[in-house]
Peer 1: 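Handing you a structure now.
Below, chain A is the first sequence line, B the second, and so on; all start at residue 1.
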Amino acid sequence: MSQKVAGVKGMNDLLPGEIEIWQHVEAQARELFGRFGYGEIRTPMVEDTALFVRSVGEETDIVGKEMYTFNDKADRSLSLRPEGTAPAARAYIEHSIANQEPLTRWFYAGPMFRYERMKTGRYRQFYQIGAEAYGAKEGAQDVEMMDMVVQFLERLGLKDITLNINSLGDEVCRPTYHAKLVEYLQAHREALCGDCQKRMEKNPLRVLDCKNEKCQAIAAAGPNVLESLCEPCRAHFDDVQRKLTALGVRHVVNPRMVRGLDYYTRTVFEFIASHPALGTASTVGAGGRYDKLVKSLGGPDAPAVGFACGLDRLVLLLKESGQQFTVRPDVFVAVADAGSHDAALVLASRLRREGLRVEFDTRGGSLKSQMKRADKSSAEFTLVLGEAERTSGQAKLKPMAGGEPIPVALDEVARVVRERKVVSA
RNA sequence: GCGGCCAUAGCUCAACUGGUUAGAGCGCCGGACUGUGACUCCGGAGGUUGCCGGUUCGAUCCCGGUUGGCCGCCCCA
């Protein structure tokens with residue numbers, strides 16, 4: 001026997017039974033984001049490696065350790081996209097969108113790739129639904145976006161998700177805060193954990209959300225980002241909070257929340273689920289403002305804000321919620337005698353053209369076995385077609401949940417099924 | 001990348017301190033009314049115990065490696 005084939009570690013197949021949940025989440029996002037005026041974009045899954053190096057940051061683990069990078073046949077360095085903001089910004093720049101409209105709202109949904117240690121809610125090919133808004137520096141844009149995520153999660157029926165917000169400042173106040181923080185951390189160097197001693201050099205902000213208790217205590221007593229904001233950033237953040245409150249969006253200000261990607265400025269936010277099934281993969285959505293990114297990639301000086309939700313994690317939560325998403329067939333067409341098989345195939349075809357979801361066992365088989373299949377298929381009704389029905393043009397729709405069979409003319413099936421469904425729904 | 005746990009049928013799990021043909025429930029297929037599912041009963045298929053090697057008369061069980069999954073760290077949606 002041959003060696004059995006196997007999929008790639010960290011990359012999963014989605015099959016019927018589970019895919020319906022994914023389709024539901026995506027459908028909800030598309031519908032809702034459309035209401036907010038966001039248009040869908042689809043960019044390639046592969047980009048020039050330099051795009052991510054310049055945007056996400058060469059020093060980040062995402063770019064430095066986790067990207068799937070390879071050279072194509074012309075020896076160009078390409079990478080599977082590890083996130084969606086940079087590709088969207090690239091498209092925004094490449095198509096000169098800023099010259100065509102002052103405010104642009106886009107969303108995307110698709111796979112991202114990071115070579116990470118696998119665990120629940122963390123995969124090497126994972127899926128994000130995200131949005132980007134270009135052209136508005138106003139806090140109203142940040143708030144609109146957070147509101148959109150809140151409504152999205154509401155529609156999915158997900159509870160116990162907390163919105164955390166913070167501001168990281170801009171090119172004026174961030175360096176100042178950065179310096180103050182490093183100076184403070186230097187003074188407490190000895191008390192920090194080993195990881196934090198390294199973070200201090202590479203990415204001092206990361207000390208703020210270290211899980212080590214001692215580090216947390218030191219961080220809590222140190223300089224606070226929000227107190228170090230320059231006046232414009234302070235005003236911007238106040239505006240964001242005021243508007244969130246006006247919309248009734250519940251949120252928590254967390255001055256120690258930071259971001260892994262280098263391009264963020266000012267507002268950052270994170271949606272954190274408390275459900276234990278997610279474990280440490282509790283962040284279901286995250287985003288923030290990146291006013292300098294577009295320009296740094298050679299585009300116009302366009303302020304922007306965006307977010308991404310981890311689709312895998314939302315699906316995990318929906319599975320836990322026990323909601324059902326499978327769609328049931330309307331009718332199962334069963335054949336009573338071999339001579340009626342062709343007629344049944346024709347009937348099934350016609351009913352499908354008329355809009356019904358129809359199951360039909362192309363293999364034929366005993367009526368009994370077909371009835372069992374009808375039951376397994378969870379069809380609403382079963383219609384048995386045999387010589388008698390073909391001769392009379394009359395059949396019966398048997399409600400699989402129980403109840404009296406409904407007499408129906410063969411050319412009235414679709415209409416009757418629709419009527420009965422409306423009544424039962 | 002670091003530390004720890006786990007691996008038996010499609011799924012959830014058994015198998016007395018290594019001992020003959022590795023079991024059950026669910027699921028799947030068929031039958032118990034030759035035009036009717038579900039509940040019940042009967043029967044069947046399905047495993048070289050993840051893979052490779054070692055110790056042993058003998059390994060699902062002990063040891064090493066490997067692959068995959070899970071937990072914490074790192075990182076992060």
Peer 1: Could you let me know what B:rG30 is paired to, Watson-Crick or G-U wobble, both distances under 3.5 Å, or none if it's on its own?
Peer 2: B:rC42

Peer 1: Within the 4.0 Å heavy-atom criterion, would you say A:Lys9 contacts the bases, only the backbone, or no part of the nucleic acid?
Peer 2: sugar-phosphate

Peer 1: Across the strands shown, which category fits A:Glu270 at heavy-atom distances under 4.0 angstrom: base, sugar-phosphate, nothing?
Peer 2: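 The answer is nothing, as A:Glu270 stays clear of every strand by at least 4.0 Å.
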
Peer 1: Please work out if A:Ile62 contacts a base, only the sugar-phosphate, or nothing of the nucleic acid, heavy-atom cut-off 4.0 Å.
Peer 2: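 The residue A:Ile62 makes sugar-phosphate contact but no base contact.
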
Peer 1: Is the phosphate of B:rC70, meaning OP1 or OP2, less than 4.0 Å from a side-chain N or O of A:Arg117?
Peer 2: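 No, no such contact exists.
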
Peer 1: Please check if any side-chain donor atom of A:Ser340 sits under 3.5 Å from a side-chain acceptor atom of A:Arg390, or the reverse.
Peer 2: yes

Peer 1: Using a 4.0 Å heavy-atom cut-off, does A:Thr382 contact any base of the nucleic acid, only the sugar-phosphate backbone, or nothing at all?
Peer 2: nothing

Peer 1: Looking at every strand, decide which applies to A:Ala334 at a 4.0 Å heavy-atom threshold: base, sugar-phosphate, or nothing.
Peer 2: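 The residue A:Ala334 makes no contact with any strand.
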
Peer 1: With a 3.5 Å cut-off and heavy atoms only, can you find an N or O donor on one side and an acceptor on the other between the side chain of A:Glu66 and the base of B:rG1?
Peer 2: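 It does not, because no donor-acceptor pair links the side chain of A:Glu66 to the base of B:rG1 below 3.5 Å.
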
Peer 1: Between A:Asn203 and A:Ala336, just flag the one whose closest nucleotide in RNA chain B comes earlier from the 5' side.
Peer 2: A:Ala336

Peer 1: Answer with base, sugar-phosphate or nothing: what part of the nucleic acid does A:Ala286 contact at a heavy-atom distance below 4.0 Å?
Peer 2: sugar-phosphate

Peer 1: If we call it a pair only when both distances are under 3.5 Å in a Watson-Crick or G-U wobble match, what pairs with B:rG3?
Peer 2: B:rC71

Peer 1: Going by purine N1 to pyrimidine N3 plus the second Watson-Crick contact, or the G-U wobble pair, all under 3.5 Å, which nucleotide sits opposite B:rG37?
Peer 2: none

Peer 1: Is the base of B:rG37 touched by the side chain of A:Lys368 through a donor-acceptor pair closer than 3.5 angstrom?
Peer 2: no

Peer 1: Could you pick out which residue, A:Glu116 or A:Pro399, lies toward the 5' side of RNA chain B when each is mapped onto its nearest nucleotide?
Peer 2: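 So the residue in question is A:Pro399.
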
Peer 1: Which class fits the ring pair A:Phe271 and A:Phe269: parallel under 30°, tilted 30 to 60°, perpendicular over 60°?
Peer 2: perpendicular

Peer 1: When we call it a touch if two heavy atoms are under 4.0 Å apart, what does A:Val384 touch: a base, just sugar-phosphate, or nothing?
Peer 2: base

Peer 1: Would you classify A:Tyr123 as touching base, sugar-phosphate or nothing, given that sugar-phosphate means primed atoms plus P, OP1 and OP2, and contacts are heavy atoms under 4.0 Å?
Peer 2: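 Base: the residue A:Tyr123, judged by heavy atoms under 4.0 Å, touches a nucleobase.
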
Peer 1: Start with the C-alpha distance between A:Tyr134 and A:Trp106, add both sets of side-chain angles, then the distance that settles side chain to side chain contact (heavy atoms under 4.5 Å, CB included), and finish with yes or no.
Peer 2: CA-CA 9 Å; A:Tyr134 307 93; A:Trp106 284 351; 3.9 Å; yes

Peer 1: Does the structure show a Watson-Crick or G-U wobble partner for B:rG25, both distances under 3.5 Å? Name it, or say none.
Peer 2: B:rC11

Peer 1: When both hydrogen-bonding distances must be under 3.5 Å and the geometry is Watson-Crick or G-U wobble, what is B:rC61 paired with, if anything?
Peer 2: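 When the pairing criteria are applied, nothing turns out to pair with B:rC61, so the answer is none.
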
Peer 1: What contact category does A:Gly121 fall into here, base, sugar-phosphate, or nothing, at under 4.0 angstrom with non-hydrogen atoms?
Peer 2: base

Peer 1: May I have the distance from A:Arg206 (atom CZ) to B:rC76 (atom C1'), rounded to whole angstrom?
Peer 2: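 These atoms are roughly 7 Å apart.
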
Peer 1: Using a strict threshold of under 4.0 Å (side-chain N to carboxylate O), is an ion pair present between A:Asp361 and A:Arg373?
Peer 2: yes

Peer 1: Does any donor-acceptor pair link the side chain of A:Arg122 with the base of B:rC75 at a separation under 3.5 Å?
Peer 2: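 Donor-acceptor pair under 3.5 Å: yes.
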
Peer 1: Can you see which heavy atom on A:Leu311 is nearest to which on A:Val25, and at what distance?
Peer 2: CD1-CG1, 3.2 Å

Peer 1: Classify A:Met118 by what it touches in the nucleic acid, base, sugar-phosphate, or nothing, heavy-atom distance under 4.0 Å.
Peer 2: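 Counting heavy atoms under 4.0 Å across all strands, the contact made by A:Met118 is with sugar-phosphate only.
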
Peer 1: Quantified in whole Å, what is the C1' atom distance between nucleotide B:rC73 and nucleotide B:rA9?
Peer 2: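 About 37 Å, rounded to a whole number of Å.
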
Peer 1: Using a cut-off of 4.0 Å on non-hydrogen atoms, how would the nucleic acid contact of A:Thr120 be classed: base, sugar-phosphate, or nothing?
Peer 2: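 Here A:Thr120 touches the backbone only, sparing every base.
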
Peer 1: Any strand counts, and the cut-off is 3.5 Å on both contacts for Watson-Crick or G-U wobble. Which nucleotide pairs with B:rC16?
Peer 2: none

Peer 1: With respect to the phosphate group of B:rC28, does any side-chain polar atom (N or O) of A:Lys376 fall under 4.0 Å of OP1 or OP2?
Peer 2: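 Yes, such a contact exists.
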
Peer 1: What interatomic distance, in whole Å, is found between P of B:rG69 and the corresponding atom of B:rG54?
Peer 2: 28 Å

Peer 1: Under a plain distance cut-off of 3.5 Å, with no hydrogens placed, do A:Thr267 and A:Asp142 share a side-chain donor-acceptor pair?
Peer 2: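 Their side chains do contain a donor-acceptor pair, which is all the 3.5 Å distance test asks for.
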
Peer 1: Might you point out which heavy atoms bring A:Ile97 and A:Ala91 nearest each other, and give the distance in Å?
Peer 2: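 What the structure gives for the nearest pair is CG1-O, 4.4 Å.
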
Peer 1: Need one value for A:Gly287: base, sugar-phosphate or nothing, where a base atom within 4.0 Å counts as base even if backbone is also close, heavy atoms only.
Peer 2: nothing

